[in-house]
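For reference, the structure is listed below as structure tokens.
In each ligand, atom 1 is the first atom listed, and ligand 1 is the first ligand listed.
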Amino acid sequence: MNKIFLGLMSGTSLDAVDAVAISFDSDEQMKLLGTHSLALTAQLRADILALTQPSDNEIESLGRVDVEIAQLFAQCANQLREKLQLNATQITAIGSHGQTIRHRPYLTPPFTLQIADPNIIAELTGITVVADFRRRDVAAGGQGAPLVPAFHEALLHSDAVNRVVLNLGGMANITVLPADTTQIVYGYDTGPANVLMDAWCWRHLQQSYDKNGVWAASGNIIPSLLEQLLLHPFFAKKAPKSTGREDFHLDWLLPYIKAEYQAQDVQATLLELTAISVAQEINALAFAEGELFLCGGGAYNHALWQSLAQKLPNYRLLSTETIAIAPTWIEATAFAWLAKQTMEGLSGNLPAVTGAAGRRILGGIYQA
Ligand SMILES: Nc1ncnc2c1ncn2[C@@H]1O[C@H](COP(=O)(O)OP(=O)(O)O)[C@@H](O)[C@H]1O
Ligand SMILES: [Mg+2]
């Protein structure tokens with residue numbers, strides 16, 4: 001009988017809860033059964049954003065938002081289940097990424113915190129929930145992020161061609177998949193993808209993102225600004241490394257913005273910052289050529305795609321659409337897959353990626 005898992009994801013962009021249903025047949029062949037998405041309300045988004053920075057009375061707010069976002073996750077899962085006409089008993093488990101509100105892998109001691117109470121999700125869906133995937137990796141000395149590379153390997157490794165997977169969410173992360181299986185699979189966060197562009201777009205156009213990168217494409221890169229932004233210490237860090245809103249946010253950007261700058265030129269520069277910081281890492285790999293699979297919402301940004309294609313002449317750029325999973329759904333699918341790993345007693349982290357002392361079975365299980 002096919003085994004069905006749901007994946008629930010909300011990333012640093014705070015745009016939406018994404019849900020997928022996947023099935024595995026007796027040969028372990030994965031199939032995407034369906035997808036669903038629910039936008040975060042403006043209030044919930046604002047509450048989560050507030051929690052990403054230290055402030056007063058955080059525990060009271062944390063307690064409330066932990067429940068509210070879990071209710072949204074559960075609603076999203078239930079609507080997907082109904083859309084697919086499945087019973088809760090037909091689904092083995094939900095893998096819930098939760099919502100990251102603080103990611104501090106470089107503090108002593110390090111910590112990372114994802115909320116969306118899995119007890120609520122289990123109660124409201126009647127389905128077993130696997131959640132809190134990152135903290136076990138951190139406990140084992142890892143960054144707790146990125147966790148998608150093990151799934152990228154399972155999904156996209158090829159014996160014939162070197163591949164790199166680029167996830168363009170709020171932050172950008174790469175997974176390096178050498179065709180030669182004696183070489184190690186690794187990956188890390190390269191810096192911001194959309195987070196700064198989204199914030200700047202909101203500030204000037206009151207739009208949550210720059211659709212297809214049209215606004216950025218109308219501007220000109222400001223070389224002196226780009227140079228300053230590239231001095232952010234995260235870019236010089238050696239992998240394993242991971243980042244979040246703690247490192248890249250509007251208040252970090254604003255002091256660099258001079259009054260005479262045109263808003264669209266700043267947007268063009270932020271797009272270039274993403275493209276350069278990604279391309280530098282990929283060009284530093286030992287591959288003479290390869291395929292670059294783009295996923296995450298930023299894969300729909302034409303201007304970013306073009307800039308990357310120009311900077312990476314030895315790579316063929318592909319959307320994950322070509323393997324029947326649209327860019328939007330890859331990360332939620334990864335967490336459905338990670339739930340399967342956990343339920344089957346298999347590890348979900350790659351120590352070469354996170355820096356953990358070893359492979360670990362990730363997450364806690366909250367029974368239906
Ligand atoms: N058509 C588009 N053009 C440009 N950017 C887009 C488009 N669609 C989505 N995005 C970007 O993708 C982001 C959401 O990507 P997502 O993969 O959900 O990130 P996260 O995991 O951080 O939530 C949006 O905030 C936006 O910046
Ligand atoms: Mg998202």
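Shown in contact with Gly170 at under 4.0 Å from a heavy atom are these atoms of ligand 1, numbered in order with element: 19 (O), 20 (P), 22 (O). Heavy-atom contacts of Gly296 reach the following atoms of ligand 1: 17 (O) (cutoff under 4.0 Å). Close approach of ligand 1 to Glu331 is summarised as follows: ligand atoms under 4.0 Å from at least one heavy atom of the residue are 21 (O). Taking a cut-off of under 4.0 Å to the non-hydrogen atoms of Lys211, the atoms of ligand 1 that pass are 3 (N).
Shown here is Gln53, whose CD atom has more than 12 heavy atoms of other residues, nucleotides or ligands within 6.0 Å.
In this structure, Leu250 is not a member of the same hydrophobic cluster as Ile101, with clusters built from ILVMFWY side-chain heavy atoms closer than 4.5 Å. No continuous path of hydrophobic side-chain contacts links Ile94 to Val20 [ILVMFWY only; heavy atoms under 4.5 Å].
We find the CG-OG distance between Asp189 and Ser277 to be 11.0 Å, quoted to the nearest 0.5 Å.
Here the heavy atom of the protein found nearest to atom 7 (C) of ligand 1 is Tyr209 CE1, 3.3 Å. For atom 18 (O) of ligand 1, the nearest protein heavy atom (residue, atom name, distance) is Asp15 OD2, 3.2 Å. Nearest to atom 20 (P) of ligand 1 among the protein's heavy atoms is Ser13 OG, 3.4 Å. For atom 16 (P) of ligand 1, the closest heavy atom belonging to the protein is Gly297 N, 3.7 Å.
Among the atoms of Thr12, some N or O lies under 3.5 angstrom from an N or O of ligand 1.
Among Asn212, Asp210, Asn301, Asp198, the residue whose heavy atom lies nearest to atom 25 (O) of ligand 1 is Asp198. Across the listed options Asn194, Ile330, Val195, Asn194 owns the non-hydrogen atom lying nearest to atom 13 (C) of ligand 1.
Between Phe235 and Phe248, a ring centre-to-centre spacing shorter than 6.0 Å is recorded.
Between Leu294 and the choices Ile330, Leu308, Thr320, the side-chain contact (heavy atoms from CB on, under 4.5 Å) rule is met once, by Leu308.
The side-chain tip of Lys237 points at the ring of Tyr106 from less than 6.0 angstrom away and within 45° of straight on.
For Asp15, the nearest N, O or S atom to the Mg ion (ligand 2) falls under 2.8 Å.
Smallest separation of non-hydrogen atoms from His157 and Ala179: NE2-O, 3.6 Å.
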